[in-house]
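The block underneath contains the structure these notes are about, expressed in C-alpha cells.
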Protein chains: 2
Amino acid sequence: MKSILIIEDEKAIAELERDYLESYGFNVHIEGRGDTGLQKALDGEYDLIILDVMLPKVDGFEICRQIRQASNIPVLMVTSKKEDIDKIRGLGLGADDYMTKPFSPSELVARVKAHLARYDRLTADKTKRGEHIRIRGLFIDKPSRRVMIHENEAMLTSKEYELLLLLASHPNRVFEKEELFERIWGLDSNGDAATVTVHIRRLREKIEHDPSNPQYIETIWGVGYRFKV
Amino acid sequence: MKSILIIEDEKAIAELERDYLESYGFNVHIEGRGDTGLQKALDGEYDLIILDVMLPKVDGFEICRQIRQASNIPVLMVTSKKEDIDKIRGLGLGADDYMTKPFSPSELVARVKAHLARYDRLTADKTKRGEHIRIRGLFIDKPSRRVMIHENEAMLTSKEYELLLLLASHPNRVFEKEELFERIWGLDSNGDAATVTVHIRRLREKIEHDPSNPQYIETIWGVGYRFKV
DNA sequence: ACCGTTTCTTACAAAATTATTACGTTTGGA
DNA sequence: TCCAAACGTAATAATTTTGTAAGAAACGGT
C-alpha cells in the first residue's frame, strides 16, 4: 500500500484530503507544521507528499527545496493564491504538480495516482534490459531474486527460484526432467530426477492460482516441463 | 538541445506551438498524421512528445499506448474536448500530462520544461550522485561515515559500516556471502564467508529494531543478503 | 474400458544453512 | 605499554530447505 504525507495546517482541508485518499486505499499521515512535516518527509517512509505552501515555522517552498536535495519522490504543492503557481515554477523547486484551492477531491486522487504511477514507471526503469522477465502476471527480477505474481510477492526458496528462472528464460521450450536436474543440481549430484517433480509441485503451489491446473508451468507427459506463453 | 515532437493535424496550432518552443531553445519537429507521427515517436530521437488526441489514421490514445510500450519519455496530450481528459486518465495510458485547447503558449512551455526536468531528475543514475543515502528511517552520511537510525546515531565499526554501505548502495540487490566477503575483506583475505554472517548479525544488532526480525537486511536463504526497500 | 507407466500429492526425516553465543586474538588510541 | 574495542573463529542452537518414499491420480496405448 502506498503511503502519502500531507503537510497542511488547515485541519479541515487536511482531513478531507485524508478521508478521500484513504477511501482509495492509500495510507495517509498528516503533519500540521512546516518543521515537523519536513522531518517526516525526509524520513523516506512516504511515496508522495502533498504540500501546502503557507505553513507555520517553515514554508512550503523551503520544504520542497529540501526534499529535492534528498529524494525525487513526487511532491504535489497546494496553494490558495494563484500567484504562487508562477513562483513555484519560477523558483525551479522541482515540485511535480500544483493545485489551487479549492479543488475537487477526485481531481486530487487522480493526480496522486498519476504521479505515483509515473514515479514507479521511471524508477523501475533503472532495472536495465534483461535484468527482469515479465510474462503475463508474472514478474521476475534477477538482481533481487524476487518474483511477483499479480502484484504479490511469491516467497520462493533457492531451488524454486532457479527452476522458475531457467524455465521462464526459455519460454515454451520443453526441458526434460533430467536436464532440469542436471542444470540446477549439478552433474555430480547423486539424487534422481523425481526430486524435480516435487520441486515443480512446490513451485506451482506458490505461483499458480490453481496448482493442479497450472497456467505457467505445463507438464509435458513423458518428457518434462515447459514454461507456457 | 532538447528535441520535441509535435503530433498535431491542425497546422496553425502546431506552428504556433513550434514557434514558441523554438524561441525557448527547443528543437521542434511536426508530424501531421497519426501513423507517421507514431513512427517518428518510436524512433527514440525525441525527448518529449506533444500529442493531439484527434488525428487522422491512428488516434492519440493508440499512439500514447504504443509509445509507452517502448519508452518512458514524457508525453503531453492535447485535446479540445474536456471529456477526453477523463478518458486519458481512465485508460491508464501513462500520459504524463494533458492540456485542453485553447491554452496559452507560456503554459505549454512551462509544462514542457517541468516534464523534461523531472524526467532527467528521475532517470539520472541514483547510486552515483549523493553524499548520503536515505532509506526509510535510515540515514547514511558518506563523508562522515555516520549512520543515523530514526534520529539516533548508530555507532558502527568499520566493517559494519562498509557492509551496510555496500548493501544500501544497491537496494534490493542480492549479494552472495562470498561476494560480500570479497568486496569488503579483499580477494587475498584468507578468512571464510562465515565471518560475514557474524558481522551481519552485529550490524543488525545496531540498526534493526528487532535483530531477529530484520527490517533492513534480509537473509536470502542459500544465497546471501540484501538490503530491502 | 483396462493396464502399465508417469506424474501428482502428501508427509516426514535428513541435510544444509544461518543465527547466536562465547572466547581468544588483534588492533589502534591514550 | 596498556586497555578497550573490534575482529575472527569455532561450537552449538535454531530454522529452513531439501530429498525420499509411498499411495493416489492421471495419462496413453491397446
Side-chain angles (χ1 to χ4, degrees), chain A residues 145 147 154-167 174-186 188-226 228, chain B residues 145 147 153-165 167 174-228:
Chain A
R145 295 177 69 101
V147 174
M155 304 303 294
L156 304 187
T157 69
S158 185
K159 288 280 188 292
E160 286 159 6
Y161 175 82
E162 288 174 44
L163 208 42
L164 176 62
L165 182 60
L166 177 56
L167 290 167
V174 178
F175 287 87
E176 295 182 15
K177 278 211 290 286
E178 287 70 23
E179 183 178 0
L180 289 173
F181 187 78
E182 284 183 4
R183 291 182 65 157
I184 290 173
W185 277 261
D188 52 334
S189 195
N190 55 353
D192 82 10
T195 300
V196 176
T197 313
V198 175
H199 278 268
I200 289 283
R201 161 65 186 167
R202 288 177 180 149
L203 179 53
R204 281 175 173 162
E205 198 77 47
K206 292 178 182 175
I207 66 168
E208 299 282 2
H209 173 62
D210 174 7
S212 299
N213 290 69
Q215 302 302 302
Y216 295 110
I217 297 175
E218 190 179 16
T219 300
I220 309 300
W221 238 82
V223 187
Y225 302 92
R226 74 163 186 182
K228 184 168 52 177
Chain B
R145 293 174 70 98
V147 174
E153 182 167 4
M155 304 304 295
L156 303 188
T157 70
S158 174
K159 289 281 187 290
E160 286 159 7
Y161 175 81
E162 287 175 45
L163 253 182
L164 177 61
L165 181 61
L167 289 167
V174 175
F175 287 87
E176 296 183 12
K177 278 211 290 287
E178 287 69 24
E179 184 178 358
L180 290 173
F181 187 77
E182 284 183 4
R183 291 182 65 158
I184 290 173
W185 276 262
L187 290 153
D188 52 334
S189 195
N190 55 353
D192 80 5
T195 302
V196 175
T197 312
V198 176
H199 279 267
I200 289 282
R201 161 67 186 166
R202 289 177 180 148
L203 178 53
R204 281 175 174 162
E205 199 76 48
K206 293 178 183 174
I207 67 168
E208 299 282 1
H209 172 62
D210 174 6
S212 298
N213 290 69
Q215 302 302 303
Y216 295 110
I217 297 175
E218 190 179 16
T219 300
I220 308 300
W221 249 83
V223 186
Y225 301 91
R226 75 164 187 197
F227 192 96
K228 183 168 54 176

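Lettering follows sequence order; numbering is per chain, from 1. This structure is a prediction, so every number in the text was calculated from the model and none was measured.
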How close do [X] and [Y] get, counting heavy atoms only, and between which atoms?
X	Y	result
A:Leu167	A:Arg226	CD2-CA, 4.3 Å
A:Ala193	A:Glu178	CB-OE2, 4.0 Å
A:Glu208	A:Ile217	OE2-N, 3.0 Å

Phosphate OP1/OP2 of [N] contacted by [X] side-chain N/O (<4.0 Å):
X	N	value
A:Trp185	D:dG19	yes
A:Arg201	C:dT10	yes
B:Thr219	C:dA19	yes
B:Ser212	C:dT20	yes
A:Lys177	C:dT7	yes
A:Thr157	D:dT18	yes
B:Thr195	D:dC7	no

Identify whether any heavy atom of [X] sits under 4.0 Å from a base atom; if not, whether one sits that close to sugar-phosphate; answer base, sugar-phosphate or nothing.
X	result
B:Val196	nothing
A:Phe181	nothing
A:Tyr161	nothing

- Message: I want to confirm an ordering. Mapping A:Arg202 and B:Arg204 to their closest nucleotides on DNA chain C, which one lands closer to the 5' end?
- Response: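 With A:Arg202 and B:Arg204 compared, the 5'-side residue is A:Arg202.
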- More 5' along DNA chain C: B:Ile220 or B:Val198, using each one's nearest nucleotide? B:Ile220
- Among A:His199, A:Arg202, A:Lys206, A:Arg204, find the residue that satisfies the side chain to side chain donor-acceptor pair (under 3.5 Å) test when tested with A:Glu160.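 Only one option passes, and that is A:Lys206.
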Could you state the atom-to-atom distance from [atom1] of [X] to [atom2] of [N] in whole Å?
X	N	atom1	atom2	answer
A:Lys159	D:dT20	NZ	C1'	16 Å
B:Tyr225	D:dT16	OH	C1'	13 Å
B:His199	D:dA6	NE2	P	11 Å
A:Ile217	C:dT7	CD1	P	15 Å
B:Glu208	C:dA19	CD	P	11 Å
A:Glu205	D:dT18	CD	P	16 Å
A:Leu163	D:dT18	CG	C1'	13 Å
A:Trp221	D:dG28	CH2	P	7 Å

- Task: Find which nucleotide of DNA chain D each of B:Asp192 and B:Leu156 is nearest to by heavy atoms, and output the residue with the more 5' nucleotide.
- Result: B:Leu156
- Note on the structure: Closest to the 5' end of DNA chain D, once B:Met155 and B:Ala194 are matched to their nearest nucleotides, is B:Met155
- Query: Yes or no on side-chain contact (heavy atoms from CB on, under 4.5 Å) for A:Leu163 and A:Tyr225, after CA distance, side-chain angles and deciding distance?
  - Reply: CA-CA 11 Å; A:Leu163 208 42; A:Tyr225 302 92; over 6 Å; no
- Task: Please answer whether the main-chain N or O of A:Val174 pairs with a side-chain N or O of A:Glu176 as donor and acceptor at a distance below 3.5 Å.
- Result: no
